[in-house]
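The structure presented is a predicted model; accordingly, all values stated were derived computationally and were not measured. We're numbering straight along the sequence, starting at 1.
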Amino acid sequence: MQDNFFNIKLSPQHPIIVVKSKLGDTMQSFNLSQEELKSGTIDLIIKNNLNKKLIVGKSIYNLRFPSIEYLCYFFIQLLYCAIVLLMFGLLLSLIIPEIKALMPVGMTIMFILFMVVGVFVQYSSLPKNLRAISSCIPVKYLANDFYYIWIGQVKWNVSFVKCNTIWLILLCLICYIIYRGKNNVTKTFNQ
């Protein structure tokens with residue numbers, strides 16, 4: 001079988017399964033015994049977990065990788081979303097300095113966000129009001145709209161970039177104000 005990511009060859013003359021990347025680099029090879037060839041069942045032990053996930057994704061779910069260009073656009077926007085999520089975590093840590101209290105609060109907020117943005121259910125089945133609210137949350141775009149970047153339909157999700165930029169500016173301002181407020185209080189007591 002040959003497709004755009006894996007190259008698997010199997011014949012009685014060459015009882016080897018070779019998994020190759022698009023560039024032709026061998027990712028992993030499997031030598032098959034004559035018994036496996038005759039029985040038609042093959043047990044593969046894949047040492048690298050990534051290879052195992054790629055083979056399962058490719059064989060069962062018909063996983064397709066985007067071109068390098070779209071993959072870069074995908075990861076740039078993914079990292080941009082991660083920056084806002086890290087800023088939100090910073091804000092929470094400034095508000096709740098106790099780690100034992102911060103973890104449950106953060107997990108509760110994450111669970112609620114996942115319910116609102118359609119991680120647990122299909123996004124189109126959410127009520128209109130909930131979809132309107134979730135369109136103001138950057139994670140919604142990550143969970144639902146980045147698929148179109150992955151399949152090569154769009155390069156930039158403009159709605160996401162606008163929403164994420166607004167969140168980034170607001171979170172930076174709020175974190176700065178809280179941080180300055182805590183430092184001013186500390187300086188007053190130290191004098």
Side-chain angles (χ1 to χ4, degrees), residues 4-5 46 48-183 185:
N4 63 351
F5 191 77
I46 301 171
N48 188 335
N49 196 21
L50 177 62
N51 287 349
K52 183 177 181 181
K53 289 178 182 175
L54 290 175
I55 289 175
V56 169
K58 188 66 180 160
S59 61
I60 296 175
Y61 300 108
N62 198 20
L63 175 67
R64 300 218 187 283
F65 285 96
S67 67
I68 294 296
E69 178 185 16
Y70 283 94
L71 191 63
C72 289
Y73 283 113
F74 178 84
F75 280 115
I76 288 169
Q77 292 173 81
L78 178 72
L79 291 174
Y80 189 44
C81 186
I83 290 169
V84 168
L85 295 176
L86 289 170
M87 288 301 298
F88 186 74
L90 174 63
L91 175 65
L92 284 179
S93 70
L94 288 172
I95 295 171
I96 307 168
E98 184 63 38
I99 294 175
K100 290 180 182 178
L102 180 63
M103 290 297 288
V105 170
M107 295 301 282
T108 303
I109 291 171
M110 182 184 72
F111 183 76
I112 292 169
L113 280 177
F114 281 178
M115 288 191 313
V116 171
V117 301
V119 170
F120 298 128
V121 296
Q122 190 172 359
Y123 182 73
S124 61
S125 68
L126 292 173
K128 282 186 178 183
N129 294 340
L130 208 52
R131 282 187 285 180
I133 292 169
S134 69
S135 67
C136 300
I137 302 171
V139 178
K140 175 263 185 196
Y141 300 95
L142 176 67
N144 298 296
D145 297 346
F146 279 17
Y147 170 75
Y148 298 107
I149 301 168
W150 187 265
I151 63 173
Q153 286 187 358
V154 295
K155 292 180 181 177
W156 292 103
N157 189 321
V158 178
S159 301
F160 161 74
V161 173
K162 289 177 184 177
C163 176
N164 210 49
T165 303
I166 291 169
W167 273 97
L168 184 61
I169 292 168
L170 287 174
L171 288 171
C172 286
L173 286 173
I174 294 169
C175 287
Y176 178 76
I177 291 168
I178 291 174
Y179 181 75
R180 291 289 294 171
K182 285 187 175 191
N183 278 346
V185 170

Student: Under the side chain to side chain donor-acceptor pair (under 3.5 Å) definition, can you give me all pairs with a residue in residues 139-149, not counting sequence neighbours?
Tutor: K140-D145
Student: Mind listing the closest non-hydrogen atom pair of L126 and V117 along with its distance?
Tutor: CD1-C, 4.2 Å
Student: Can you tell me if L79 has over 12 outside heavy atoms packed within less than 6.0 Å of its CG?
Tutor: yes
Student: What distance do L85 atom CG and L168 atom CG have between them, rounded to the nearest 0.5 Å?
Tutor: 11.0 Å
Student: CD1 of I68: more than 12 outside heavy atoms within 6.0 angstrom?
Tutor: no
Student: Would you compute the distance between atom CG of L91 and atom CD1 of I178 and round it to the nearest 0.5 angstrom?
Tutor: 5.0 Å
Student: First locate atom CE of M103, then atom OG1 of T108, and finally report the distance between them rounded to the nearest 0.5 Å.
Tutor: 11.0 Å
Student: What distance separates L94 CG from Y179 OH, expressed to the nearest 0.5 Å?
Tutor: 9.0 Å
Student: Does the side chain of L142 come within less than 4.5 Å of F160's, by heavy atoms?
Tutor: no
Student: If I compare all heavy atoms of L78 with all of F146, which pair ends up nearest, and what's the gap?
Tutor: N-CE2, 3.8 Å
Student: Heavy atoms only: give me the nearest F88-I109 pair and the separation to one decimal.
Tutor: CE2-CG2, 3.8 Å
Student: Quick one: side chain to side chain donor-acceptor pair (under 3.5 Å) pairs with a partner in residues 90-104, sequence neighbours left out?
Tutor: none
Student: Minimum heavy-atom separation for A143 to V119, with atom names?
Tutor: CB-CG2, 3.9 Å
Student: CD1/I169 to CG/N164 distance, rounded to the nearest 0.5 angstrom?
Tutor: 10.5 Å
Student: With sequence neighbours left out, what residues match C136 under side chain to side chain contact (heavy atoms under 4.5 Å, CB included)?
Tutor: none
Student: Report the distance from atom CG of L86 to atom SG of C81, rounding to the nearest 0.5 Å.
Tutor: 10.0 Å
Student: Determine which pairs satisfy side chain to side chain donor-acceptor pair (under 3.5 Å) with at least one residue from residues 72-89, sequence neighbours left out, and list them in order.
Tutor: Y80-T165
Student: Could you list all the side chain to side chain donor-acceptor pair (under 3.5 Å) pairs where at least one residue sits in residues 83-92, not counting sequence neighbours?
Tutor: none
Student: With V158, which residues qualify under side chain to side chain contact (heavy atoms under 4.5 Å, CB included), at least two apart?
Tutor: K162
Student: Which heavy atom of Y123 sits nearest to which heavy atom of R131, and what is that distance?
Tutor: OH-O, 3.2 Å
Student: Taking all non-hydrogen atoms of both residues into account, name the closest pair between I76 and W156 and its distance.
Tutor: CG2-CH2, 3.8 Å
